[in-house]
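Read the structure below first, then the notes.
Since this is a predicted model, take the numbers as computed values, not measurements. Heavy-atom basis, side chains included; hydrogens, waters and symmetry copies ignored.
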Amino acid sequence: MPIHLLEGLAEALSPTRCAGCELPGALLCPACAAALPRVERACPRCGAPASARSADGCRECAGRELAFAGAACLGT
């Protein structure tokens, strides 16, 4: 197997560069992780940000059958 193919596979399985700025060392460097917009409150059922909620509940998942029990949203 060519060496560049092995390097690409290794990078895909265990990234060595930041996805935001390509700084070597981690999937997300501390600066890029701190710059990500966070979602403080989200629907516990589908993970949509609280802004998707209406008086009747979540506009994203209300009345829908989901294939999972719950979700979490980490950022926008």
Legend entry - CD-CG distance between E60 and L66, expressed to the nearest 0.5 angstrom: 10.5 Å

Legend entry - Spacing of C46 atom SG and R59 atom CZ [to the nearest 0.5 Å]: 11.0 Å

Inset, instruction - Using atom types as modelled and distance alone, determine if a side-chain donor or acceptor of R45 lies under 3.5 Å from a backbone N or O of C61. - result: yes

Inset, instruction - Measure across L28 and C18 and return the closest heavy-atom pair with its distance rounded to 0.1 Å. - result: CA-SG, 3.9 Å

Legend entry - Interatomic spacing from CD in E22 to SG in C29 - rounded to 0.5 Å: 11.5 Å

